[in-house]
**Student:** 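What follows is a structure written as structure tokens; I'll ask about it next.
In what follows, chains carry the letters A, B, and so on, assigned in the order in which the sequence lines appear, proteins first and then strands, with residues in each chain numbered from 1.
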Amino acid sequence: MAKIEASIPKGTRDFAPEVLVRREYIFDTIKKVFRKYGYQPLETPAMENLNVLTGKYGEEGDRLIFKILNSGDFLSKVKGDLGSQTSASLTSQISEKALRYDLTVPFARFVSKYHSTLPMPFKRYQIQPVWRADNPQNGRFREFFQCDADVVGTDSLIYEAELTALYLETFQKLGIRDAVVLINNRKILTGIAELIGMPDKLTEICVAIDKLDKIGEDAVKAEMDRRGIEPAKTDQIFEILNFQGNREEKLAYLKTKFENCPTGLTGVKEMEEVFSYLNSLLSNQNGILFDLSLARGLDYYTGTIFEVKCPSVKIGSLGGGGRYADLTGIFGVKDMPGVGISFGADRIYLVMEEKGLFQNIPLESTQILVVNFSEATTAASLAALATLRAANIASEIYPTPGKLPRQFKYADRKNIPWTLIIGEDEMKSGNCMLKNMSSGEQSTCKLDHVIRMVSL
RNA sequence: GUGGUUGUAGCUCAGUCGGUUAGAGCGUCGGAUUGUGGUUCCGAAGGUCGCGGGUUCGAAUCCCGUCUCCCACCCCA
């Protein structure tokens, strides 16, 4: 039989046990905080109908959606001559399903389908993989996990403050102490676009200034020029973006700028409201930064926008989110505003690894390895194993009798902290021997003493 | 999707100008060691040199294609 290469698709990963233990620690931490803030779990299918996904992420986004071929002889159903098709016309005929690209659109679909039966406002969290046909890079994969929390059915800005607090608490719990939550408001950016007389260029402006911290002011200005924004207007934009001051000073400055700009003023007022809630909710707000240059590329955001950065590690953002005025309109359900955030678990992992934050997470799963001393003692060892498991102690037995060194090595490899030996001598006296694998100390005792020792 | 880069044992990497049987360390396995591992010593296994084609008397080495890794762009977590 021909040998098949044991490779996996580009940008995907196997998660070995020692990696997965750490990933699960991240997911568990996030999940616990989500629940503590009142968010309920949701899962949706890996695949969605293609028309649910297309057009939601811009032209670039459509290109990055993984499509699934129809079943059966899909080519025979193509209308007209195969050779004269474009990729787009062919795709729509041979594919009607695709892998989900994010968790927000499937959530919107879910809410649209079940809104009449859901408690409103509906708060859900969702931790599942998503797929993008992007080229991999550091911290970028084709299959990766998103951890989203959203609340829909309300435009209360209390949730903006709540999600900010949720972000900070989670990163504190994970040990990423220098994580910074950047906050801005799309209406302020809209105001700026109106101020310079180019409201139709909002998306271009956002895409360009979103790169500010990555490529610098000069490069952003050059990009704005390419995108059809005159240098004089760009200078006007930067005059506002570069304003130095604390929250209150920034807001006061913007108010004077937006004197004749209702949209911009609304943005300022929303920020004021969010900050007032935050003042009640959080005593320490060091990790929150009102950043006028925060823009975010996605166009469905209409109000507050968030992004989490870790300044000490060279990697993209660790999370992001924002408020959207209309989540479900495309599915025919009106008046469903919402706000949500997302954690990038894969990048959080890389940051924690780089900072050495996994040291304190125990790698072991099994607590006791029961040594399989000899054929004569296997039965007694199995009985002890059953007792340990009945006492809720994670334990396992070595499969083949004999060769103590090999059994100890196995315990080492799996980071098992204790071994339990029942040899001929112990069996006769009705005892067992418990060995601490890191200190090497061992003592003979009764099994129920072992249970007490290890349960400590 | 565009451009650059990388690929040799399970892992990290040598391999000269194209030349006989492709090496090392670590790891694995066996033994020293039939009641004690993480130390030591001895020994062994393990390779379609990413894959496919081409040039050549001869290719890990040169050429083309392709896949993958990493990097940049686009975009994003």
**Student:** What does A:F373 touch in the nucleic acid at a heavy-atom separation under 4.0 angstrom: a base, only the sugar-phosphate, or nothing?
**Tutor:**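 Base contact.
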
**Student:** Report which part of the nucleic acid A:N135 touches: base, sugar-phosphate, or nothing (heavy-atom distance under 4.0 Å, all strands).
**Tutor:** base

**Student:** Within the 4.0 Å heavy-atom criterion, would you say A:S317 contacts the bases, only the backbone, or no part of the nucleic acid?
**Tutor:** sugar-phosphate

**Student:** Using a strict cut-off of less than 4.0 Å between a Lys/Arg side-chain nitrogen and an Asp/Glu carboxylate oxygen, indicate whether A:E48 and A:R109 qualify as a salt bridge.
**Tutor:** yes

**Student:** Can we say A:D346 and A:R13 salt-bridge, meaning some charged N sits less than 4.0 Å from an Asp/Glu carboxylate O?
**Tutor:**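 Judged by the 4.0 Å cut-off on N to carboxylate O distance, A:D346 and A:R13 do form a salt bridge.
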
**Student:** Taking only the side-chain nitrogens and oxygens of A:K211, find out if one of them lies under 4.0 Å from OP1 or OP2 of B:C74.
**Tutor:** yes

**Student:** Under 4.0 Å from OP1 or OP2 of B:U36: is there any side-chain N or O of A:Q442 that close?
**Tutor:** no

**Student:** Any idea how A:Y167 and A:F306 line up, ring-wise: parallel (<30°), tilted (30 to 60°), or perpendicular (>60°)?
**Tutor:** perpendicular

**Student:** Quick one: is B:G31 close enough that its OP1 or OP2 comes under 4.0 Å of any side-chain N or O from A:K403?
**Tutor:**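 For B:G31, OP1 or OP2 has a side-chain N or O of A:K403 closer than 4.0 Å.
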
**Student:** Which of these nucleotides, B:U36, B:A77, B:G30, is closest to any side-chain atom of A:R406?
**Tutor:** B:G30

**Student:** Hey, is the side chain of A:R140 poking within less than 4.0 Å of OP1 or OP2 on B:C70, counting only N and O atoms?
**Tutor:**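 Indeed not, no polar side-chain atom of A:R140 lies that close.
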
**Student:** What nucleic acid atoms does A:E426 come within less than 4.0 Å of, heavy atoms only: base, sugar-phosphate, or nothing?
**Tutor:**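 A:E426: base contact, heavy atoms under 4.0 Å.
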
**Student:** Pick out which of A:D150, A:V151, A:I305 makes a side chain to side chain contact (heavy atoms under 4.5 Å, CB included) with A:V339.
**Tutor:**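 Output: one option passes, namely A:V151.
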
**Student:** Verify the stacking flag for A:F343 against B:A77: centroid separation must be under 5.5 angstrom and the ring planes must differ by under 30 degrees.
**Tutor:**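 So A:F343 does not count as stacking on the base.
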
